[in-house]
Protein chains: 2
Amino acid sequence: MTQAPNRALFTDLYELTMAASYFAAGMNDTATFELFIRELPRNRNFLVVAGLEDVLDYLESLRFEPDDLAYLQSLGTFRNDFLEWLETFHFTGDVWAMLEGEIAFAEEPLLRVTAPRIQAQLVETFLLNAVNYQTLVATKAARVAIACRGRRFVDFSPRRDHGFDAALKAARAAYIAGAAATSNVLAGKLYGIPVAGTMAHSYVMSFDSEVAAFRRFARDFPGTTLLIDTYDTIEGARHAAAVARELAAEGITVGAVRLDSGNLAQLAKDVRRVLDEEGFPEIRIFASGDLDEYRIAEILDAGAPVDAFGVGTQLGTSGDAPWLGGVYKLVEDSRGPRVKLAERKATAPGAKQVYRFAGAGGVFEFDMVALAGEQGPLEGRPLLRQVMEGGRRTLPPEPLSRIRERCLANLERIPERLKSLETVSPPYPVRHSAELERLLAETRARVAAANRPAAAHRSEAT
Amino acid sequence: MTQAPNRALFTDLYELTMAASYFAAGMNDTATFELFIRELPRNRNFLVVAGLEDVLDYLESLRFEPDDLAYLQSLGTFRNDFLEWLETFHFTGDVWAMLEGEIAFAEEPLLRVTAPRIQAQLVETFLLNAVNYQTLVATKAARVAIACRGRRFVDFSPRRDHGFDAALKAARAAYIAGAAATSNVLAGKLYGIPVAGTMAHSYVMSFDSEVAAFRRFARDFPGTTLLIDTYDTIEGARHAAAVARELAAEGITVGAVRLDSGNLAQLAKDVRRVLDEEGFPEIRIFASGDLDEYRIAEILDAGAPVDAFGVGTQLGTSGDAPWLGGVYKLVEDSRGPRVKLAERKATAPGAKQVYRFAGAGGVFEFDMVALAGEQGPLEGRPLLRQVMEGGRRTLPPEPLSRIRERCLANLERIPERLKSLETVSPPYPVRHSAELERLLAETRARVAAANRPAAAHRSEAT
């Protein structure tokens, strides 16, 4: 076992320089930051929220260790009084968040932090890292689940994910949004996710013939899946059937065959015919190899008799849209609501809540973003829940099974048109409350006025 | 501090089922696997190899802990004799590899493992995970470095990288291939990479005016970079100049301004003019915000006076090509060379070595892949070095500075045309030795014959 590096320094340097400046200026008033996604990624009509468990675990345990402080001191950038103060640093703020497995849309706060300014600022990098990636993969997995039309799919991504942590989090996020299992054994152990997998081409190549390999593996793992494309897929199917026939006398069955290359739709049809002709209609067909939601939809549209899918690279990297542009912005401090006016990157002021309105059968109709302080619309369901108060969780960690159930129930309730694999127009409606609109106009006018040239000169004179 | 999870179970389940089957069959002869990339990703003309340090650290420390074995037992898939054997498992093989910072091309082995079959197979998932991602980002960073034409660039990716480990490895891989620094403080601490960063928009928004924010920050961090686009970039430049003028009397300078939104090329020109007019030609311009190698090239092609760049999302996710399809294939075992014939996924047999031939000025001319056993061409430089023997490193871990120097020296020697940001044709020449060609033809014919239907029937009869 090795020690995991302490996460306190997992931050952009500017969080620490800003913190040092606030500390020197005595600016540690209460501030509120919100984490949101400005625009949905390409072809996405909704997001599946994930990453909160990591966020809360980090906030609860955040401490600077002596070697962290020694490193910071070695940079020559920070004053000693600030480093001494960091020694006692811990997070004492409040957090409101959408629970994992909730559905979110662009411009909705997924998470809101209210804490002394330095604390609220310092946690930005970790929070964004955790929520951006895990939400990205949970969203991708939901799309794969939609494309699979009720068939099982398995996370096969570890070898192509962006490092060790990504592979663990990909397995977890994919499971939340509908994956039946993961090939990642460590994820299975850490999160209690079902694990799946049988043989690689190298196994088949390790025997003198494909039949010898199949025979051995089926005896070791009755009911297993045989990989049939190492040499020739159709011959492989015949070999699988031959072995199934041979071993039937021993009470051993073959559960499935796996195709991993070539024209999967055509091969699935051909292999199905071979297996049926050979008397094994019960042997299922599992397909893998460069799959994503688009290719799965094509394969099923072509009427291919595939029973389950393995999805690797594209699932764990969200290959067609490999990042989520979540941001974490100051929306309020002791002087009131704050905004940023930067071109195409403006923000909305004030601590906010999101209400969801559902119609017949519970189908989501529209969301309304309102100020956290205002009397919310009574019919809407508030999506942000308090998950941390004074630095402590208000709820125990949620079992993954409950998060998954929430997600699957939510996916049942999104409007059918949002299940398109391409962007639909108009998007799901996200409205502002009248009070939020009023505050937005007011604050923007005030800030623009305060930062006009004349104001700057005034400011210089003070 | 928390314990890092033990990495032994960081594996696809099929590695363990195959291992169990080999164990039951007594098949643990010496086998050789090679890790290679079949095709270069979109727009790539070369790869920068990275990830070896992680690989060697993993191989040296690989052990199954009691709780790993308890978990495996709980799956009900494995026999107890196999689990008992795993208790004593450790890696005793030999590893040959291209060192980090070497340049590689498609179909060249980056790494070769020779070990008892079960060991060599079991490490596949971790090896691919480490090499695929780190090589991906090092390659991306080399492209960014080329686009920057000698200007500095800084890794700003942590918030958008795929999790915690990705952000650390992205900083390291980017530094190898030319990044001047990272914003990731923990990466700075762990790897000794220079760290960089100053202020965010939230800092500016935390003061009554931009000028007040700039004044405070410049006093706390003399020579700093001021972020000038929170409200209006041109006004921001005037405010930065005003603060520089005001603080000059105190001996405090402003080092640079940062643009993070809008039309960066145009704004850089306008801001340069403002700063020059205000008498600050020495204040540099730093640009960030959705940058990658393509946008940097555009900005510089437009003659924009940008002195340095921050590159985040696109660097750490390799956004235009977010995965590397590295594979790890059996090429030889005690029975001789092995191949796979699957459509578009065929492999070349035998343990191999890669020789690089350079021309005038040391510029790379072509590579030759030969059998490891054959007398190599004397003029070529062999790229695969023995880095592990009998499970122990043959070389101490390399200092990151040396890896970086190797990489930068190599990048100087790739043919100029390969520095295009798009795929060039023809690609860099990678030839096969005559002996490898002969073995390839021979082995394919043998394997195809052995797996024809008639052969299968023969096999069934044995």
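Protein chains get the first letters and strands the later ones, always in sequence-line order, with residue 1 at the start of each. Keep in mind it's a predicted model, so treat the numbers as computed, not measured.
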Exercise. Please look at B/Y203 and chain A and tell me whether the side chain, the backbone, both or neither of the residue comes under 4.5 angstrom of a heavy atom of that chain.
Key: both

Practice problem: Sort B/N132 into side chain, backbone, both or neither according to what part of it lies under 4.5 angstrom from a heavy atom of chain A. | Solution: side chain

Quiz item: Are a donor atom and an acceptor atom from the side chains of A/S202 and B/Q121 found within less than 3.5 Å of each other?
Solution: yes

Quiz item: In terms of heavy-atom pairs under 4.5 Å, which option from A/V195, A/D333, A/T125 contacts chain B the most?
Solution: A/V195

Exercise. Assign the ring pair B/F126 / B/F10 to parallel, tilted or perpendicular, where the plane angle (0 to 90°) is split at 30° and 60°.
Key: perpendicular

Self-check item: Per-residue contact mode, B/R219 against chain A (heavy atom under 4.5 angstrom)
Solution: neither

Self-check item: Toward chain A, the part of B/F23 with a non-hydrogen atom under 4.5 Å
Solution: neither

Quiz item: Does a donor on one side chain sit under 3.5 Å from an acceptor on the other, for B/S206 and A/R117?
Solution: yes

Quiz item: Which one, A/A130, A/G326, A/A167, leads in non-hydrogen pairs under 4.5 Å with chain B?
Solution: A/G326

Exercise. Can you tell which part of A/L127 gets under 4.5 Å to a heavy atom of chain B, answering side chain, backbone, both or neither?
Key: neither

Quiz prompt | Residue list, side chain to side chain donor-acceptor pair (under 3.5 Å) with A/S183, at least two apart or on another chain | solution = B/D12

Quiz item: Any idea how A/F221 and B/F78 line up, ring-wise: parallel (<30°), tilted (30 to 60°), or perpendicular (>60°)?
Solution: perpendicular

